Amino acid sequence: MNAREDAAPDRHYEEAFDQLVDSVIVLRAVRDEGGRIVDEEIVYANPAWRREILGQDTASDPAGRRFLELAPELADRFPLHCHLAARPR
């Protein structure tokens, strides 16, 4: 099962997000054995995000790939992502 199927996002939302000119990305925290966030898995990225980050909106679907692997130039945003994703387990 891939990341998109596993997360089972509502297809209606994806269709709406696909039309936006603004970037939209859905990420899932990847944690180590101690529960610390070490990366994020891309669940969904709309064409605007693909265009902005990957350089083309027709780029292959990045679902299932790691955020820091795909966009290492955005690593400075990672601490904020961790802060937003942090919640008691």
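Quick note: numbers below take in every heavy atom, side chains included, and nothing from hydrogens, waters or symmetry partners. Quick caveat: nothing in here was measured; it's all calculated off a predicted structure. Nothing fancy with the numbering, it's 1 onward along the sequence.
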Participant: Do the charged groups of D39 and R31 touch, with an N to O distance under 4.0 Å?
Facilitator: no

Participant: Between CD of E40 and CD of E69, what distance do you get to the nearest 0.5 Å?
Facilitator: 13.5 Å

Participant: Measuring from Q19:CD to E14:CD, what's the distance to the nearest 0.5 Å?
Facilitator: 12.0 Å

Participant: Which atom names give the shortest non-hydrogen contact between E52 and S23, and what distance separates them?
Facilitator: OE1-OG, 2.6 Å

Participant: Should L68 and F78 count as side-chain neighbours, where that means a heavy-atom distance under 4.5 Å?
Facilitator: yes

Participant: Checking Y13 against D18: is there a side-chain donor and acceptor pair closer than 3.5 Å?
Facilitator: no

Participant: How far does CZ of F67 sit from CD of E41, to the nearest 0.5 angstrom?
Facilitator: 13.5 Å

Participant: What heavy-atom pair brings P62 and R50 nearest, and what distance separates the two atoms?
Facilitator: CD-NE, 3.7 Å

Participant: Is it true that L20 and V43 fall in one hydrophobic cluster, defined by side-chain heavy atoms closer than 4.5 Å?
Facilitator: yes

Participant: Is there a side-chain contact between D22 and W49 (heavy atoms, below 4.5 Å)?
Facilitator: no

Participant: Does I42 offer a backbone N or O that forms a donor-acceptor pair with the side chain of R65 under 3.5 Å?
Facilitator: no

Participant: In Å and rounded to the nearest 0.5 Å, what is the CG to CZ distance from N46 to R51?
Facilitator: 8.0 Å

Participant: Checking side-chain contact (heavy atoms from CB on, under 4.5 Å) for the pair D61/Y44: CA distance, chi angles, key distance, verdict?
Facilitator: CA-CA 8 Å; D61 185 358; Y44 166 81; over 6 Å; no

Participant: First locate atom NE2 of H81, then atom CG of L27, and finally report the distance between them rounded to the nearest 0.5 Å.
Facilitator: 6.5 Å

